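Numbering starts at 1 and runs along the sequence shown. Keep in mind that what you see is a predicted model, and the values were worked out from it rather than measured. Below, all heavy atoms of this structure are taken into account, side chains as well, without hydrogens, waters or symmetry copies.
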Amino acid sequence: MATPKIQELKELTRIERIGAHSHIRGLGLDDSLEARAVSQGMVGQIEARKAAGVILSMIKEGRIAGRAILMAGHPGTGKTAIAMGMAKALGDDTPFTMMASSEIFSLEMSKTEALTQSLRRSIGVRIKEEAELIEGEVVEIEIERSITSGAKAGKLILKTTEMETVYDLGAKMIEQLQREKIVSGDVITIDRASSKISKLGRSFARASDYDAMGSQTRFVQCPEGELEKRKEVVHTVTLHEMDVINSRAQGFLALFAGDTGEIKDEVREQIDQKVAEWREEGKAEIIPGVLFIDEVHMLDIECFSFLNRAMESDTAPIVIMATNRGIAQIRGTKFRSPHGVPLDLIDRSLIIMTKPYTAEEIQNILKIRCEEEDVEMTEDALDLLTTIGTETSLRYAIQLITTASLVAQKRKASEVDVQDIRRVYSLFIDIKRSTQFLKEYQEEYMFSEIN
């Protein structure tokens with residue numbers, strides 16, 4: 001007697017990358033734009049988050065475009081986190097582009113072209129078009145195969161609450177029905193232009209059937225009225241995507257290649273003209289998005305001058321800039337200005353200041369990061385890590401969480417304790433201790449210039 005083989009079911013673990021701001025879910029504001037102390041991964045920075053919330057509501061209402069917002073503050077005070085929170089709160093429909101200033105100098109294109117592409121990535125076009133659809137509940141599907149040629153042919157019976165119609169099926173339609181696993185009782189739509197079949201769900205009338213249905217099964221009402229309907233379909237694309245599609249021989253495939261190269265001004269002018277025509281006809285509307293430029297002080301005077309002019313355009317997005325510099329030299333000049341940004345650009349910007357975190361806020365942030373990184377930590381260890389974060393920097397304290405967890409795992413502990421924090425604190429030094437070490441032994445280093 002043969003023994004049956006027992007199949008081992010291996011547990012599938014989901015692979016997740018934990019980033020520096022992966023815990024951010026939004027800005028943590030209530031309906032009246034008041035900032036909660038701890039909400040949606042955001043902690044502290046009450047005034048800055050309120051200001052960001054006001055900007056966010058103006059963006060959603062379409063009242064603000066071609067404006068600049070400058071977020072300035074100490075390093076590690078949550079400027080990028082606020083920008084990420086704004087991106088999450090805006091949703092997928094509003095374009096949000098993030099870039100670092102240093103990217104511009106490393107791309108194989110001119111600085112102004114790189115900025116132009118980023119600006120146009122941040123401007124969405126909502127295109128409306130009418131589509132002819134056939135929508136109904138499947139009553140019966142009949143498929144016949146020819147004995148001689150082997151070709152497939154069939155009939156599809158669809159119904160609504162008011163009528164029932166028989167449609168002839170070709171080989172391609174039969175293939176789609178089989179691919180989508182459509183059976184009697186499913187509610188489907190057929191696009192007449194492309195012949196694409198979409199399954200909406202299962203009819204409520206078949207909910208009592210004794211079929212093997214999973215928890216994912218979606219039940220919908222049987223459609224009413226006529227089978228053939230005209231529906232408004234809305235597509236949202238960015239101006240940059242339209243530029244790429246129209247400037248390359250391979251069309252939309254160039255979007256997946258990534259290497260878009262420089263795009264001619266003539267192409268952009270034609271796109272802008274076409275979009276303007278669609279707006280007049282009511283077929284499209286512009287969605288001003290957000291371009292977030294981190295470390296904006298790294299841009300040079302040419303880029304700042306270009307941004308000044310670009311923001312005066314009718315279709316310009318909202319430009320949010322972040323910097324941690326004080327009075328600094330404007331790159332490409334010998335002049336110094338606040339935040340390393342020219343005064344004329346600062347003058348047209350709304351400035352949001354971020355302040356250093358308190359000890360209580362640092363502790364709340366560390367708790368959130370422990371949850372995000374799936375690390376259990378004792379209260380004493382958390383207090384010690386908070387003290388380290390207050391005396392050194394928040395970023396340094398956050399980086400000790402995972403390393404302390406690994407040390408705790410080595411001694412077979414389920415929680416990170418004080419001894420683990422002390423161990424990693426001695427292994428990895430912060431900037432203050434590193435500077436002190438360099439001052440003591442600077443003579444032994446090469447090319448030392450510290451007096």
Side-chain angles (χ1 to χ4, degrees), residues 16-28 35-50 52 71-85 88 294-295 322-326 352-411 413-439:
E16 289 184 347
R17 292 295 302 273
I18 299 169
H21 300 101
S22 56
H23 62 284
I24 304 295
R25 308 283 183 268
L27 281 173
R36 303 184 189 97
V38 182
S39 179
Q40 294 182 319
M42 297 295 292
V43 178
Q45 302 299 348
I46 303 296
E47 295 300 322
R49 281 158 58 203
K50 276 186 189 176
M71 288 198 288
H74 300 68
T77 51
K79 296 180 291 295
T80 309
I82 291 171
M84 292 290 289
K88 296 281 186 183
D294 208 358
E295 307 293 332
T323 179
N324 54 21
R325 296 295 167 92
I352 300 173
M353 297 297 292
T354 56
K355 299 172 184 175
Y357 290 110
T358 62
E360 185 183 352
E361 288 169 351
I362 287 173
Q363 189 167 46
N364 285 328
I365 293 168
L366 291 171
K367 279 181 184 176
I368 292 168
R369 290 303 303 179
C370 285
E371 289 175 14
E372 183 71 15
E373 297 179 27
D374 199 19
V375 173
E376 296 288 333
M377 190 175 288
T378 62
E379 286 295 324
D380 292 340
L382 187 63
D383 290 340
L384 177 59
L385 197 60
T386 304
T387 306
I388 291 170
T390 308
E391 292 177 357
T392 58
S393 71
L394 174 61
R395 286 172 178 164
Y396 175 70
I398 287 171
Q399 290 181 76
L400 294 184
I401 293 172
T402 303
T403 49
S405 174
L406 293 170
V407 170
Q409 286 174 22
K410 284 288 183 185
R411 60 181 186 86
S414 58
E415 286 184 320
V416 173
D417 210 344
V418 173
Q419 60 181 325
D420 304 314
I421 300 293
R422 285 176 176 163
R423 174 69 175 151
V424 293
Y425 182 74
S426 64
L427 287 173
F428 306 102
I429 62 173
D430 58 278
I431 187 68
K432 288 182 181 177
R433 286 182 290 163
S434 177
T435 307
Q436 185 62 37
F437 182 84
L438 286 174
K439 284 181 178 177

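The shortest heavy-atom contact between Leu394 and Gly76 is CD2-O, 4.1 Å. For the pair Lys79 and Thr323, the tightest heavy-atom approach, listed with the atom from each and the gap, is CE-O, 3.4 Å. The minimum heavy-atom distance between Asp417 and Ala381, with the atom names listed, is C-CB, 3.6 Å. Nearest approach of Gly389 to Ala397, heavy atoms of both residues: CA-CB, 3.7 Å. Closest approach of Ile352 to Ala52, counting heavy atoms only: CD1-N, 4.2 Å.
For Phe428, there are no ring-ring contact (aromatic ring centres under 6.0 Å, His included) partners, not counting sequence neighbours.
Here the CD atom belonging to Gln409 is positioned 10.0 Å from the CG atom belonging to Asp420, to the nearest 0.5 angstrom. Here the straight-line distance linking atom NZ of Lys410 with atom CZ of Arg423 works out to 11.5 Å at 0.5 Å rounding. The CD1 atom of Ile429 sits 10.5 Å away from atom CD of Gln436, with the distance rounded to the nearest 0.5 Å. Taken to the nearest 0.5 Å, the CE atom of Met71 stands 7.0 Å off from the OG1 atom of Thr80. Expressed to the nearest 0.5 Å, how far CG of Leu27 lies from CE of Met84 amounts to 11.5 Å.
Here side-chain hydrogen bond (donor to acceptor under 3.5 Å, both in side chains) pairs that include residues 385-397, with residues two or more places apart or in two chains, are Tyr396-Arg433.
Met42 is listed as a side-chain neighbour of Arg49, based on a closest heavy-atom distance under 4.5 Å. Side-chain contact between Asp430 and Tyr425 is present, with heavy atoms from C-beta onward closer than 4.5 Å. For the pair Thr354 and His74, the minimum side-chain heavy-atom distance is 4.5 Å or more. For the pair Ile421/Met377, a side-chain contact is recorded, criterion being any heavy-atom separation below 4.5 Å from C-beta on.
For the side-chain contact (heavy atoms from CB on, under 4.5 Å) with Leu385, the lone residue among Ile362, Ile398, Leu400, Asp380 that qualifies is Leu400.
Without hydrogens or angle criteria, Ser405 side chain to Ile401 main chain gives no donor-acceptor distance under 3.5 Å. With hydrogens and angles disregarded, a donor-acceptor distance shorter than 3.5 Å links the side chain of Glu361 to the backbone of Thr358.
Glu415 and Thr378 form no side-chain donor-acceptor contact under 3.5 Å, judged by distance and modelled atom types alone.
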Practice item. Would you check, one step at a time, whether the test side chain to side chain contact (heavy atoms under 4.5 Å, CB included) holds for Gln419 with Arg411? Key: CA-CA 11 Å; Gln419 60 181 325; Arg411 60 181 186 86; 3.3 Å; yes
Exercise for review: Apply the test side chain to side chain contact (heavy atoms under 4.5 Å, CB included) to residues Thr77 and Lys355: give CA-CA distance (whole Å), side-chain angles for both, the deciding distance (0.1 Å), then the verdict.
Suggested key: CA-CA 6 Å; Thr77 51; Lys355 299 172 184 175; over 6 Å; no
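Lys367 has no carboxylate O lying under 4.0 Å from a charged side-chain N of Glu371, or vice versa, which leaves the two without a salt bridge.
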